[in-house]
Structures are given as structure tokens and as C-alpha cells.
Amino acid sequence: MAVFVNGVIFEGVDTAAPDCWRLEAYMARGGYQALKKILDSKIPQEDVIAEVKNSGLRGRGGAGFPTGLKWSFMPRSFPGDKYVVCNTDEGEPGTFKDRDIIRYNPHALIEGMIIAGYAMSAKAGYNYIHGEIFEAYELFEEALDEARKAGLLGQNILGTDFSFDLFAHHGYGAYICGEETALLESLEGKKGQPRFKPPFPASFGLYGKPTTINNTESFASVPFIIRDGAQKFLEAGKPNNGGTKLFSVSGHVNRPGNYEIPLGTPFATLLEMAGGMKDGKKLKAVIPGGSSAPVLPGEVMMELTMDYDSISKAGSMLGSGAVIVMNDDVCMVRALERLAYFYHEESCGQCTPCREGTGWLYKVIHRIANGEGRDGDLELLESVGNNMAGRTVCALADAAVFPVRSFTKHFRNEFEYLIKHKKPLVDHKWC
Ligand SMILES: Cc1cc2nc3c(=O)[nH]c(=O)nc-3n(C[C@H](O)[C@H](O)[C@H](O)COP(=O)(O)O)c2cc1C
Ligand code: SF4
């Protein structure tokens, strides 16, 4: 299913070649040159961080927080252990890019994490991999082994006085373990529940030590930035939205898959790359950044470019870059019911507004979808959502509310019709 267009991570990667993930193939593509450049020239840590800042790289895990700025929060001179942690939990519905980075180009991630360790004085790193992609975890272990044997990991890397080791860890597939502090708890062997913040991981992270957590794609973008320069990365995208980005396109398109394209590419171009609408159907709606991102009507999306600022201006989020395309056969009430069930299932139950609220959202949407909706149900959904968003330990509650607000805003007529007529305006043929 994977389809790749060359960008900073997949440049020159022949995904059809069985050994494309191996160290030898990565080296042939210019791999580990960035690390060598840093170590040979003894580039100061602050210069490495400045380069990442200047590249305009924004976190690819969901929030789009500037990566270089996050790295600068790490107290490098703090005595004792410090860690870098990679988030390959990839549980956001619609997202399937990080597993393909590991499958086809794991050394880009390993090199990015070693550079991060160097820049932030961390002596160890961990990659937390989603439990349901076990083969990716096994492959990553093999890639780590290759790196260790080549002297790229461990003590005195490439004969210098810099030492750093990296370990893989697999979870069991709970969505909440993608939230960074739940991930840390799980990595420590505890129940994966988010921590209260502050303190943030930069001061109290893994085992209570300073820790920087980034998404797989964020780390894997770093070798290009260091090797080819921040400016080249920035110019591959647009101002404040540096680089290329992987978009996992799914739904009613002819060629679902991962597309690595410059940030700022028109959505219409991405849709065309994905083969256009399946069976020539009409585009109805798009979730542009994973299930937590507010849905947008198709005609709005057709005017937008795929970057953080443009999507956010239109009232949604680029999020993880998971683009879910829906045609006009989709009953938006049923679609929302599916999403609401997911959040209800995945709430860790720690906070009352989320534990109870996700259940209420699901129950009310479920009854509307089944022709048992009542007058006042849309207002009830709004009121439950208002009592959840921003009132919990982590952002899962907000993630559950955003789809409800956006579906009932943009496709309100379908909800009203179902409540009034007890049958859907659009047959839900697809579910
Ligand atoms: C409920 C929830 C699930 C999340 N799942 C993921 C995930 O699967 N992968 C990920 O990288 N970030 C996920 N995040 C965001 C992380 O908490 C964190 O912001 C991110 O890993 C930071 O990396 P970045 O700055 O490189 O984007 C999730 C956040 C929440 C609230
Ligand atoms: S918001 Fe939900 S998922 Fe997050 S900590 Fe609270 S109960 Fe758990």
C-alpha cells in the first residue's frame, strides 16, 4: 500500500528493494554523514540546536511544536542522566507513516536520535514502538544491531569521546501510551497513564530525569537538516513550515498510501497523487490530520495547502498528517459514531470529565445514528463537550471533543434530519 514520493526522509529510498532498510543501503544514500560532520568538526551542541531551530522543523507527532525550541529546553548542564525518547506509538486513527520510516529507513531515525543525544548531552535513548506493529519493532532491533557493530552506537562512537546507546521498547497498542507522559510511565514499566504537568519531561521525564520526546518523523528529519543545512530544509517547505512531510492518505481514494511532499503543497495536488476520488465519486469531507483533527468540508479543503498554518487558519489541524478522505456516500453521523467509540474505548479513565464524557458523547451519537435521537441531543453534545475540553490531565478529552464539534457544525443538517425523521439523510453503505 505504501507509495512514496521523495522528500527529505525517503530521498533515494527504493522501498521495493528488500534491503533498502539496511545500514549499507543507508550509507550509500549519504547516511551517517551528518553524524560524522558533527563529530569530525566537533560542532558545538548549541550550533546543532540552532540549526534544527533555523530549519523550521515542527514536531510531526501532532502538536507541531518547533523541534529546535524543544531541544533548547533541555537542561544540558544538569548533572546526571538525561534521555531522548522517540514516540513510535502511532495510535492516531488514519496514521501509518512512522511504521514505514522504520520499515524502509530505520537508520534515518537512529542517526537523528544519536544527533539529538549529542546535542542534548543524553547518554541513552529509547524508541517506544506501538505493540501492534511488532515486525517493525523486530526490524528496528536488527537495525540497532547493525549500528552497534559499525561503532555508531555505544561507547566512543566512531573513535571519539562521545558515547550514546539506543534501545527499542514495544508497548501493547494502547492509544493513550502515545501521550508523552503516559509513554514514559509505560516505559518505566508502570500503567500507561498521563502525568500531571508541570513538571514537563524536560525537567522531570524518564525515571524523573530530564528527557526530550519527539515523534519518529521529527527525529528522522534531522540528518538531512544537519547534512544539507537548515536553509535547504526550510526551503523544501514554506516559512514557519519547514521541510517535506509524510501524509498518510486513506479513505475513498484510488491509491491510499504515504506521500512525502513539501509542506505548502495544495491539497488538490495530494488528492491527485493519491489517484483522485475512488469510482469518480464526489469529495464530501476530509479529516486533514488524524482522527483528533476537526473535519473540514471537501470544498474548503480543495482551497487549502497542506501545512500547519493553512489548515489551522481553516479551523482544523495538520496533526499527524493522516488525511482521511470521505466521499458523499458517507453518513457523517455514523462516521462520528465510530470516532466517538474509539475515544470512549481509549480513555484511560483517570479524569472524570474524560472517563464519563467520552461515554456520554458515544451514547448520544449512537442513539442519534440508530434513529433514537431526541430533541436537545445536539445541545447535550455541546454541553458535555464544553465540560470536557481543557479540563483534564491530558489532551485525549479535547481530541474526543474536536470531531464532535466539527461534525455537528459542518454537517449539522444530517444530524438534525436523523433526529427528526429517525432515518439517515445519507445511507451508511460503507459500514
Ligand atoms: C492522546 C494522545 C495520543 C498521542 N499519540 C501520539 C503518537 O501516537 N505519536 C506521537 O508522536 N505523538 C503522539 N501524541 C503527542 C505526544 O504527546 C507528543 O506531543 C509528541 O510525541 C511530541 O513529538 P513532536 O514534538 O516531535 O511532535 C499524542 C498525544 C495525545 C494527547
Ligand atoms: S484526559 Fe482522559 S485519557 Fe487523558 S488522563 Fe484524563 S482520563 Fe486519561
Side-chain angles (χ1 to χ4, degrees), residues 52 55 57-74 84-99 101-102 109 112-113 116 126-133 171 173-187 191-197 200-202 205 211-222 243 245-246 248 289-293 308 317-322 342-359 361 387-402:
V52 178
S55 73
L57 172 65
R58 294 172 63 169
R60 304 305 199 214
F65 191 81
T67 305
L69 187 61
K70 187 186 268 189
W71 288 18
S72 71
F73 295 155
M74 187 81 151
V84 290
V85 172
C86 176
N87 190 341
T88 310
D89 195 54
E90 193 158 68
E92 180 81 0
T95 319
F96 45 87
K97 64 186 178 70
D98 294 337
R99 66 200 67 186
I101 293 176
I102 291 184
L109 169 59
M113 289 191 74
Y126 294 87
N127 184 14
Y128 188 97
I129 301 175
H130 192 88
E132 288 157 349
I133 49 169
Y175 174 61
I176 195 56
C177 288
E179 195 280 339
E180 57 188 21
T181 58
L183 184 155
L184 294 177
E185 289 285 296
S186 172
L187 200 49
K191 187 173 172 182
Q193 281 194 325
R195 297 175 181 168
F196 284 97
K197 288 169 283 227
F200 292 96
T211 303
T212 295
I213 305 164
N214 276 121
N215 170 258
T216 317
E217 190 184 350
S218 311
F219 279 125
S221 302
V222 169
K245 159 109 195 74
L246 276 158
S248 307
S291 64
S292 311
Y308 296 94
M317 302 183 309
L318 198 71
S320 60
F342 172 80
Y343 290 106
H344 170 47
E345 268 292 305
E346 297 293 338
S347 165
C348 83
Q350 191 177 193
C351 333
T352 308
C354 176
R355 185 184 61 242
E356 301 300 321
T358 51
L361 292 179
N387 283 300
M388 294 168 64
R391 293 167 189 250
T392 52
V393 170
C394 89
L396 186 142
D398 300 63
V401 172
F402 290 154

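Atoms within each ligand, like the ligands themselves, are counted from 1 in listed order. Please read all numbers here as calculations on a predicted model, not as lab measurements.
Screening the protein for N, O or S atoms under 2.8 Å from atom 6 (Fe) of ligand 2 yields 1; no waters enter the count.
Within the 3.5 Å criterion, the main-chain N or O of G390 finds a donor-acceptor partner in the side chain of D398.
The protein heavy-atom contact nearest to atom 8 (O) of ligand 1 is E90 N, 3.0 Å. Taking atom 23 (O) of ligand 1 as the reference point, the nearest protein heavy-atom neighbour is N215 N, 3.1 Å. Nearest non-hydrogen protein atom to atom 22 (C) of ligand 1 is K70 NZ, 3.3 Å. Among protein heavy atoms, atom 1 (C) of ligand 1 sits closest to Y175 CE2, 3.7 Å. Ranking protein heavy atoms by distance to atom 12 (N) of ligand 1, first place goes to N87 ND2, 3.2 Å. Closest to atom 6 (C) of ligand 1 among all protein heavy atoms lies G178 O, 3.3 Å. Here the protein heavy atom with the shortest distance to atom 27 (O) of ligand 1 is G61 N, 2.7 Å.
Listed by atom number, the atoms of ligand 1 under 4.0 Å from G59 heavy atoms are 24 (P), 25 (O), 26 (O), 27 (O). Taking every non-hydrogen atom of N214 and a distance limit under 4.0 Å, the qualifying atoms of ligand 1 come out as 23 (O), 24 (P), 25 (O), 26 (O). In summary, the atoms of ligand 2 found under 4.0 Å from a heavy atom of I176, numbered by their order in the structure, are 3 (S). Below 4.0 Å from some heavy atom of S218 lie the following atoms of ligand 1, by number and element: 24 (P), 26 (O). For ligand 1 and D89, the ligand atoms under 4.0 Å from any heavy atom of the residue are 8 (O).
The shortest side-chain heavy-atom distance between I102 and N127 falls under the 4.5 Å cut-off. Contact annotation: the side chain of K97 approaches that of E90 to within less than 4.5 Å [non-hydrogen atoms, C-beta and beyond]. Using a 4.5 Å heavy-atom cutoff, the side chains of V85 and P201 are not in contact. Within the 4.5 Å cutoff, the side chain of F342 has heavy atoms near those of the Y175 side chain. Considering only heavy atoms from C-beta on, T358 comes within 4.5 Å of M388 through its side chain. For the pair W71 and V52, the minimum side-chain heavy-atom distance is below 4.5 Å. Using a 4.5 Å heavy-atom cutoff, the side chains of Y308 and K245 are in contact. Contact annotation: the side chain of L396 never approaches that of E179 to less than 4.5 Å [non-hydrogen atoms, C-beta and beyond].
Of the candidates E217, H130, E180, E92, E180 brings a heavy atom nearest to atom 17 (O) of ligand 1.
By the criterion of a heavy-atom distance under 4.0 Å, both the backbone and the side chain of E179 are placed next to ligand 1. Residue contacts with ligand 1 for R60 involve N, CA, C or O but no side-chain atom from C-beta outward (heavy atoms, distance under 4.0 Å).
Between E180 and K197 no salt bridge is recorded (no basic side-chain N to carboxylate O distance below 4.0 Å).
Counting all heavy atoms, side chain and backbone alike, L183 lies closest to C177 at CB-O, 3.1 Å. Residues N87 and G178 share a closest heavy-atom pair of ND2-O, 2.7 Å.
In terms of the side-chain hydrogen bond (donor to acceptor under 3.5 Å, both in side chains) criterion, residue partners of D98 (sequence neighbours excluded) are, by chain and number, N215.
Ligand 1 has no nitrogen or oxygen under 3.5 angstrom from a nitrogen or oxygen of D98.
Considering S248, S320, S292 as possible partners of E92, the one that fulfils the side-chain hydrogen bond (donor to acceptor under 3.5 Å, both in side chains) test is S292.
At least one heavy atom of G91 sits closer than 4.0 Å to an atom of ligand 1.
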